[in-house]
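Structure, as structure tokens:
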Amino acid sequence: MGVEVRVEGLTKSFGRQPVWSDVSLTLPTGEISVLLGPSGTGKSVFLKTLVGLLRPDRGSIWIAGHDLTRLSERKLYEVRRLFGVLFQDGALFGSMSIYDNVAFPLREHTRRSESWIREVVREKLEMVGLVGAEEKLPGEISGGMRKRAGLARALVLDPEIVLFDEPDSGLDPVRTAYLNQLIIDLNQQTEATFLIVTHDTNTARTVPDNIGLIYHGHLAMFGPREMLLSSTEPVVRQFLNAQRVGPIGMAEEKDADELRAEAASGVELPPLPPIPFQLRPSNGMPRAAEHPPGAWCIANRVEPPAGSFQSAVFR
Ligand SMILES: Nc1ncnc2c1ncn2[C@@H]1O[C@H](COP(=O)(O)OP(=O)(O)OP(=O)(O)O)[C@@H](O)[C@H]1O
């Protein structure tokens with residue numbers, strides 16, 4: 001059914017190298033959130049910290065009444081069962097068939113019979129459209145199929161929270177579009193809480209209910225998709241619109257001189273593009289966590305960019 005994840009004042013460093021500090025956000029129950037940020041800003045570290053694979057220096061992660069950062073290893077192992085994680089490369093075992101890869105968490109974490117396991121594996125492979133590929137090895141299927149197999153494995157224990165680390169990396173735009181639709185459909189079916197790390201601004205603009213942006217060691221902003229897509233905050237605007245103009249430079253951030261030179265040269269960020277419709281489930285039924293288009297803008301008296309919510313193309 002999905003659970004809320006509440007992060008408070010989370011700070012992480014490796015030795016003397018700070019990654020991010022004082023990150024606070026709430027992933028609402030059953031909603032899809034996307035986390036963006038320039039390369040190396042610690043998005044994967046954030047996912048690993050959420051799932052308890054890395055310990056933060058400070059702060060709390062509240063899930064179902066537990067602060068994950070304070071749990072013993074044994075209790076943490078139990079709470080980790082709430083999570084399904086799709087790692088960047090699918091993280092499949094190369095010498096195991098797709099069937100055995102997907103069955104692996106069930107064999108590890110449950111004492112169920114092989115016939116019960118067969119039912120569940122088949123159901124999850126059906127969900128991701130991989131029936132028929134059971135006997136193949138990961139090396140014998142395409143990158144997109146490997147992602148879907150990784151997704152089936154992430155879902156096999158019926159997680160309440162699903163974390164996706166760059167699900168679209170290495171996929172062509174058409175496969176990315178299919179994967180995005182699959183994510184929306186799976187969210188509708190499972191009602192789990194989803195967090196997706198991605199670099200794909202199209203994914204960020206069309207898939208989530210909420211967007212967050214990590215920049216320069218902090219969470220620059222986190223909130224409803226429409227809030228971020230209508231934001232005039234330079235860093236948010238630059239990132240979501242994939243521009244060179246703005247505070248983000250080639251190597252992390254521009255210094256004051258570069259920003260002054262940019263301002264003096266008269267180059268400006270283009271106007272905000274229209275906010276597209278959010279992707280809808282392919283069966284035409286709404287998701288439980290869905291918000292009507294424009295609802296946040298109306299409730300907050302924010303004028304969305306011209307042309308927003310107008311075209312039904314690509315829905
Ligand atoms: N186990 C670790 N030990 C030491 N440093 C680490 C470790 N894991 C990550 N880092 C460092 O933390 C920083 C953030 O890494 P991370 O992979 O989370 O970035 P990212 O935002 O996910 O990047 P990308 O978008 O390129 O995937 C990097 O400087 C990385 O070298």
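Because only heavy atoms are used, hydrogens play no part in the values below, and waters and symmetry mates are left out as well, while side chains stay in. All values reported here derive from a predicted model rather than from experimental measurement. All ligand and atom numbering here is 1-based and tracks the order in the structure.
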Exercise. Check whether any protein heavy atom sits under 4.0 Å from atom 30 (C) of ligand 1.
Key: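 It does not; no protein heavy atom is within 4.0 Å.
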Practice problem: Mark yes or no: Lys12 above the aromatic ring of Phe14, with NZ or CZ under 6.0 Å from the six-membered ring centre and no more than 45 degrees from the axis. | Solution: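 Ring-cation test returns yes.
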Heavy-atom nearest option to [atom], drawn from [options]:
atom: atom 26 (O) of ligand 1; options: Ser39, Gly15, Ser44; answer: Ser39
atom: atom 9 (C) of ligand 1; options: Thr198, Val197, Val45; answer: Val45
atom: atom 23 (O) of ligand 1; options: Gly37, Ser169, Gly40; answer: Gly40

Quiz item: Are Val128 and Met145 side-chain neighbours, meaning at least one heavy-atom pair lies under 4.5 Å?
Solution: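 Contact flag for Val128/Met145 side chains = no.
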Quiz item: Are side-chain heavy atoms of Val3 and Thr29 found at a separation under 4.5 Å?
Solution: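 Answer no - side chains too far apart.
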Quiz item: Can you find a non-hydrogen atom of Lys48 under 4.0 Å from ligand 1?
Solution: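 Not so, Lys48 does not reach ligand 1.
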Could you identify the single nearest non-hydrogen protein atom to [atom] and state the distance to 0.1 Å?
atom: atom 16 (P) of ligand 1; result: Gly42 CA, 3.8 Å
atom: atom 10 (N) of ligand 1; result: Phe14 CE1, 3.3 Å
atom: atom 21 (O) of ligand 1; result: Lys43 NZ, 2.8 Å
atom: atom 27 (O) of ligand 1; result: Glu166 OE2, 3.2 Å

Exercise. Check step by step if side-chain hydrogen bond (donor to acceptor under 3.5 Å, both in side chains) holds for Thr11 and Asp57.
Key: CA-CA 6 Å; Thr11 298; Asp57 306 345; over 6 Å; no
Quiz item: Strictly by modelled atom types, are Glu226 and His291 linked by a side-chain donor-acceptor pair under 3.5 Å?
Solution: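 Result is no, nothing qualifies.
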Quiz item: Can any side-chain N or O of Ser60 pair as donor or acceptor with the backbone N or O of Trp62 at less than 3.5 Å?
Solution: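 Not a single qualifying donor-acceptor pair exists.
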